[in-house]
Visitor: 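Have a look at this one.
The chain is numbered in sequence order, starting from 1.
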Amino acid sequence: MQIEIVAIYLSPGHDFKGHHGKPPGDHGTQMPESVECVAGSGLVGDRYFDFKDDYKGQVTFFDEAVFLEAQDALQCHDRPPEVLRRNILTRGIDLNSLIGKTFRIGDTTFSGSQECAPCYWMNQSFAPGMEEFLKGRGGLRARILSNGTLHAGPAELSIDD
């Protein structure tokens, strides 16, 4: 199945995690054309790289279609997708269908662990109502099972049964 990796986002630090009751951080986001995926560790250069053993969110995927719907529903067209703090913006796949599945994008194998549930910070980083809007479609958390490289652009997706 052909999908598209619309964008790759990496951040060296946490803007929201550990900031409850405090202002968010300001670590910025990088948007490389490709990223190295390391099995069991995460994305090289991202804040969750080697975060903890068997972490279920070594990489997060987000559907561009959901982002575009959110812009229209919440009348917020001035925020870019990277404010949502997901790593890989995709087009052409229902990410929830990958929960509990092993799948491959290009030369990298992943295990879809769970929905990337939204938190209250979404209302601040994007627009009021975003946390509620994203319930059930907040993206996909996944573990990296094999080393490889993801590239922005068209990609081949295969799903193990």
Visitor: To the nearest 0.5 angstrom, please state how far the CG atom of Leu150 sits from the OG atom of Ser34.
Guide: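 Here the rounded value is 9.0 Å.
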Visitor: Quick check for you: to the nearest 0.5 Å, what is the distance between Ile93 atom CD1 and Glu64 atom CD?
Guide: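 One finds 14.5 Å between CD1 of Ile93 and CD of Glu64.
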Visitor: Parallel, tilted or perpendicular for Phe110 and Phe61, by the 30°/60° rule?
Guide: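 Ring orientation of Phe110 relative to Phe61: perpendicular.
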Visitor: Would you say that Cys116 contacts Arg86 through its side chain, given a criterion of any heavy-atom pair below 4.5 Å between the two side chains?
Guide: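 A side-chain contact under 4.5 Å exists here.
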Visitor: With sequence neighbours left out, which residue pairs that include part of residues 144-153 fulfil the side-chain hydrogen bond (donor to acceptor under 3.5 Å, both in side chains) condition?
Guide: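 Found Thr109-Ser146.
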Visitor: Applying ring-ring contact (aromatic ring centres under 6.0 Å, His included), name anything that partners Phe67, two or more places apart in sequence or on another chain.
Guide: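 Applying ring-ring contact (aromatic ring centres under 6.0 Å, His included) to Phe67 gives Phe126.
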Visitor: For Ser113, what residues pass the side chain to side chain donor-acceptor pair (under 3.5 Å) criterion, not counting sequence neighbours?
Guide: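 With sequence neighbours excluded, Ser113 shows a side chain to side chain donor-acceptor pair (under 3.5 Å) to no residue whatsoever.
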Visitor: Is it true that a side-chain atom of Asp107 and a backbone atom of Gly148 form a donor plus acceptor pair closer than 3.5 Å?
Guide: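 The answer is no, because no donor-acceptor pair under 3.5 Å joins these two groups.
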Visitor: Supply the atom-to-atom distance Leu10 CG to Gln30 CD, rounded to the nearest 0.5 angstrom.
Guide: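 Result: 6.0 Å between the selected atoms.
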Visitor: Identify the heavy atoms of Leu43 and Cys37 that sit nearest to each other, and give their distance.
Guide: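 Looking at all heavy atoms of both residues, the closest pair is CD2-SG, 3.6 Å.
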Visitor: Please identify each residue that fulfils salt bridge (Lys or Arg N to Asp or Glu O under 4.0 Å) with Arg79, with sequence neighbours left out.
Guide: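 By the salt bridge (Lys or Arg N to Asp or Glu O under 4.0 Å) rule, Arg79 matches no residue at all.
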Visitor: Find out whether Ile105 and Ile3 are in side-chain contact, i.e. whether some heavy atom of one side chain is under 4.5 Å from a heavy atom of the other.
Guide: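 They are in contact (side-chain heavy atoms under 4.5 Å apart), so the answer is yes.
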Visitor: Tell me the closest heavy-atom pair linking Ser111 and Phe103, and the distance in Å.
Guide: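 Result for this residue pair: C-CE2, 4.2 Å.
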Visitor: What's the spacing between Met130 CE and Asn123 CG if we round to 0.5 Å?
Guide: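 Result: 9.0 Å between the selected atoms.
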Visitor: Restricting to non-hydrogen atoms, name the atom on Pro128 and the atom on Leu74 that form the minimum distance, rounded to 0.1 Å.
Guide: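 Taking Pro128 first and Leu74 second, the nearest heavy atoms are O-CD2, 3.8 Å.
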Visitor: Under a single-linkage definition using a 4.5 Å side-chain heavy-atom cutoff for Ile, Leu, Val, Met, Phe, Trp and Tyr, are Ile5 and Leu145 assigned to the same hydrophobic cluster?
Guide: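 In one cluster: no.
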Visitor: With sequence neighbours left out, what residues match Gln114 under side chain to side chain donor-acceptor pair (under 3.5 Å)?
Guide: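 Expected list: Lys56.
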Visitor: Test side-chain contact (heavy atoms from CB on, under 4.5 Å) on Phe62 and Leu84; report intermediate values, then the result.
Guide: CA-CA 9 Å; Phe62 191 67; Leu84 301 177; 3.5 Å; yes
Visitor: Show your working on side-chain contact (heavy atoms from CB on, under 4.5 Å) between Ser158 and Arg104 and close with a plain yes or no.
Guide: CA-CA 5 Å; Ser158 58; Arg104 193 172 183 83; 3.4 Å; yes
Visitor: Looking only at heavy atoms, which two atoms of Ile159 and Lys101 are closest? And how far apart?
Guide: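 In this case the closest contact between Ile159 and Lys101 is CG2-CD, 4.0 Å.
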Visitor: Under the side-chain contact (heavy atoms from CB on, under 4.5 Å) criterion, do Leu89 and Tyr9 qualify, and how do the steps go?
Guide: CA-CA 8 Å; Leu89 187 65; Tyr9 303 111; 4.0 Å; yes
Visitor: Go through the structure and list residues passing side-chain contact (heavy atoms from CB on, under 4.5 Å) with Ser41, not counting sequence neighbours.
Guide: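 Checked Ser41 against side-chain contact (heavy atoms from CB on, under 4.5 Å); matches are Val38, Phe49, Asp50.
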Visitor: Kindly work out whether a path of hydrophobic side-chain contacts (I/L/V/M/F/W/Y, heavy atoms less than 4.5 Å apart) joins Tyr48 to Val44.
Guide: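 Result: no, two separate clusters.
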Visitor: With rounding to the nearest 0.5 angstrom, report the CD to CD1 distance, Glu82 to Ile8.
Guide: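 Going from CD on Glu82 over to CD1 on Ile8, the span is 13.0 Å.
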Visitor: With sequence neighbours excluded, tell me which residues meet side-chain contact (heavy atoms from CB on, under 4.5 Å) with Ile99.
Guide: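 Expected list: Asn96, Glu115, Leu140.
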Visitor: With sequence neighbours excluded, tell me which residues meet salt bridge (Lys or Arg N to Asp or Glu O under 4.0 Å) with Arg143.
Guide: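 Arg143: salt bridge (Lys or Arg N to Asp or Glu O under 4.0 Å) contacts with Asp54.
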Visitor: With sequence neighbours excluded, tell me which residues meet salt bridge (Lys or Arg N to Asp or Glu O under 4.0 Å) with Lys52.
Guide: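 For Lys52, no residue satisfies salt bridge (Lys or Arg N to Asp or Glu O under 4.0 Å) once neighbours in sequence are set aside.
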Visitor: Quick check: do Cys76 and Asp78 have side-chain heavy atoms less than 4.5 Å from each other?
Guide: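 Yes, side chains in contact.
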Visitor: Could you pull out all residues at least two apart from Asp72 that satisfy salt bridge (Lys or Arg N to Asp or Glu O under 4.0 Å)?
Guide: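 In terms of salt bridge (Lys or Arg N to Asp or Glu O under 4.0 Å), with neighbours along the sequence ignored, Asp72 is linked to no residue.
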Visitor: Hey, does the side chain of Asn87 reach the backbone of Thr60 with a donor-acceptor pair shorter than 3.5 angstrom?
Guide: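 Here the side-chain-to-backbone pair exists.
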Visitor: What's the spacing between Glu131 CD and Ser125 OG if we round to 0.5 Å?
Guide: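 That separation rounds to 10.5 Å.
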Visitor: Checking Ala152 now: which residues fulfil side-chain contact (heavy atoms from CB on, under 4.5 Å) with it, not counting sequence neighbours?
Guide: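 So Ala152 forms a side-chain contact (heavy atoms from CB on, under 4.5 Å) with Glu33.
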Visitor: Determine, step by step, whether Phe51 and Gln58 satisfy the side-chain contact (heavy atoms from CB on, under 4.5 Å) criterion, reporting the C-alpha distance in whole Å, the side-chain angles of both residues, the deciding distance to 0.1 Å, and the verdict.
Guide: CA-CA 8 Å; Phe51 180 63; Gln58 295 166 0; over 6 Å; no
Visitor: Who are the side-chain contact (heavy atoms from CB on, under 4.5 Å) partners of Glu156, not counting sequence neighbours?
Guide: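 Applying side-chain contact (heavy atoms from CB on, under 4.5 Å) to Glu156 gives Gln2.
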